[in-house]
Number of protein chains: 2
Amino acid sequence: MLCLEVRFNTYPRFVEFLIYLALTSLPNMKKTKRQVILDTAAKLFRKKGFAATSMRDLAKAVGMEAASLYNHIKSKQEILSALLLGAAQQYTDGMNNVKESAVTPLEKMDQLIALHISIAIQHPNTISLMTQEWVHLEGEPYDSFSSQRKAYENDFREIIIAGIEAGQLKKVNPDIALFSILSTMRWFYAWYSKKDGLSLKELEKEFSEVLIGGLKHKA
Amino acid sequence: MLCLEVRFNTYPRFVEFLIYLALTSLPNMKKTKRQVILDTAAKLFRKKGFAATSMRDLAKAVGMEAASLYNHIKSKQEILSALLLGAAQQYTDGMNNVKESAVTPLEKMDQLIALHISIAIQHPNTISLMTQEWVHLEGEPYDSFSSQRKAYENDFREIIIAGIEAGQLKKVNPDIALFSILSTMRWFYAWYSKKDGLSLKELEKEFSEVLIGGLKHKA
DNA sequence: CCTACCGATCGGTAGG
DNA sequence: CCTACCGATCGGTAGG
């Protein structure tokens, strides 16, 4: 007892440490802090890029020392892969829903445009990383991300081809049609913040008209 | 004379240095080497990003030591600004030509699509930097690049608006039409390398149809 | 063109 | 959660 009191007085920082350990052992508090770190990292990575953002930049932005970050995340790499694989999963899930729905290819394309707009509005910072920062992934997360992206593009292309074969779309080059839609949708996050005059429904309708209108037969 | 001979024998590396100085003082040789460095830098920056590419990486790729690079370029920053401002100038010049030509707004839009395709095929590595790596520019080059990009977008938007007012295009949202065309054209460099089955003329025609077709009145 | 080197900063660990 | 610290690497300079 005496011994403990002496230690506590001698090492006041050790007591703080014990209190910290007790508090953060509550699982949901730990999860919240991790999420704050991930969200802040997404914002910084978007602004400066993954490579140019240091762990000290990130620590400062969340209000702690760099070393403390490692109580919540394993490495800088893990932050990037958590962000990117989480986003990739959203697109994969969305595509799987669209594929299963019993509608025409043209309606599926409208649903996919809505999917892109919805995800980009929800997570603009993370989505901003999907176009270029994924090259900084390493090992298994890199392979997982790449294969999900490839699968998504193949699924989308097949829907366009189905639309052409069903006579709903003109006989355009499917790759060019796919590429036009995807590159526009992949940059939507960057454009959206400048324009807030349009509702979600209006956005979907306008983009569908501009991106798919040119593919339809003249009525 | 004796003195010189002694020095030359004592410092053989110094003789090599003098020979190097004499050779590289020929202005066009120096320009060539600088261009090799710039081209190689564009390739590396594209693959790994500006921040993640070290001057040692670059030196290795051009076959010299890092310190030697600085005989041809001032800094890592200067490489990036030389690449990006050179490319920006090409777009600005192209837009000025288009603006001056006495054709309809719709034909101007076709010319601009051809401009993007042409530049992207000529300098795919440098163009790849224009979408994201320009954020690493500092000071005056950053301002110059930003203002040229802004001016280009404004000029393009006015051509679209003129097309709508002339009755050539439907009354779509000009910003959405502009954004769709630009984001597709800005990613063209990344898509093109995968597809080499199409001629330049076919590419221009297909992209014009897909990107502008949806903006036209139904015939 | 090189060798030798600089101060600054990087991602991350030890340990309380 | 922090302080203290590590080896590695960064962009760039001096000087021949």
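The sequence lines fix the lettering, A, B, ..., with proteins before strands; numbering per chain opens at 1.
As rounded to whole Å, 15 Å separates atom C1' of D/dT9 from atom CD of B/Glu65. For the pair B/Leu69 CG and D/dG11 P, the interatomic distance rounds to 10 Å; values are reported in whole Å. One can place CD1 of B/Ile73 at 10 Å from P of D/dG11, the figure rounded to the nearest angstrom. In this structure, A/Asn71 atom CG and C/dG15 atom P are separated by 15 Å, rounded to whole Å. To the nearest angstrom, P of D/dG12 lies 13 Å from CD1 of B/Ile37. Between the NE2 atom of A/His72 and the C1' atom of D/dC1 there is a distance of 8 Å, rounded to whole Å. In this structure, the CD atom of A/Glu78 is 15 Å from the P atom of C/dG11, given to the nearest Å.
Among residues two or more places apart in sequence or in another chain, the side-chain contact (heavy atoms from CB on, under 4.5 Å) test is passed with A/Ser193 by none. A search for side-chain contact (heavy atoms from CB on, under 4.5 Å) contacts involving B/Asp175 returns A/Trp191, A/Lys195, B/Arg157, B/Asn173, not counting sequence neighbours. Legend: residues meeting side-chain contact (heavy atoms from CB on, under 4.5 Å) with B/Ala61, ordered by chain and number and at least two apart, are B/Thr40, B/Leu44. In terms of the side-chain hydrogen bond (donor to acceptor under 3.5 Å, both in side chains) criterion, residue partners of B/Ser208 (sequence neighbours excluded) are, by chain and number, B/Asp110. Every residue was checked against the side-chain hydrogen bond (donor to acceptor under 3.5 Å, both in side chains) condition with A/Glu138, not counting sequence neighbours, and none meets it. Every residue meeting the side-chain contact (heavy atoms from CB on, under 4.5 Å) condition with A/Ala114, not counting sequence neighbours, appears here in chain and number order: A/Glu204.
Using cut-offs of 30° and 60° on the angle between ring planes, the pair A/Phe156 and A/His116 is tilted.
Heavy-atom distances under 4.0 Å link DNA chain D to no residue of residues 44-62 of chain A.
Taking a pair as Watson-Crick or G-U wobble with both distances under 3.5 Å, DNA chain D forms stems of 3 or more consecutive pairs at C:1-16 with D:1-16.
The list of salt bridge (Lys or Arg N to Asp or Glu O under 4.0 Å) pairs with a residue in residues 49-72 of chain A, not counting sequence neighbours, reads A/Lys48-A/Asp57.
In this structure, OG in A/Ser144 is found 4.5 Å from CD in A/Gln148, a value given to the nearest 0.5 Å.
Distance from the side chain of A/Lys76 is smallest to C/dG12 among C/dG12, C/dC1, D/dG12. Of the candidate nucleotides D/dC1, C/dG12, C/dC2, C/dG12 has the atom nearest to the side chain of A/Ser75.
Take the nearest nucleotide of DNA chain D for A/Ala67 and for B/Tyr70: the residue whose nucleotide is more 5' is A/Ala67.
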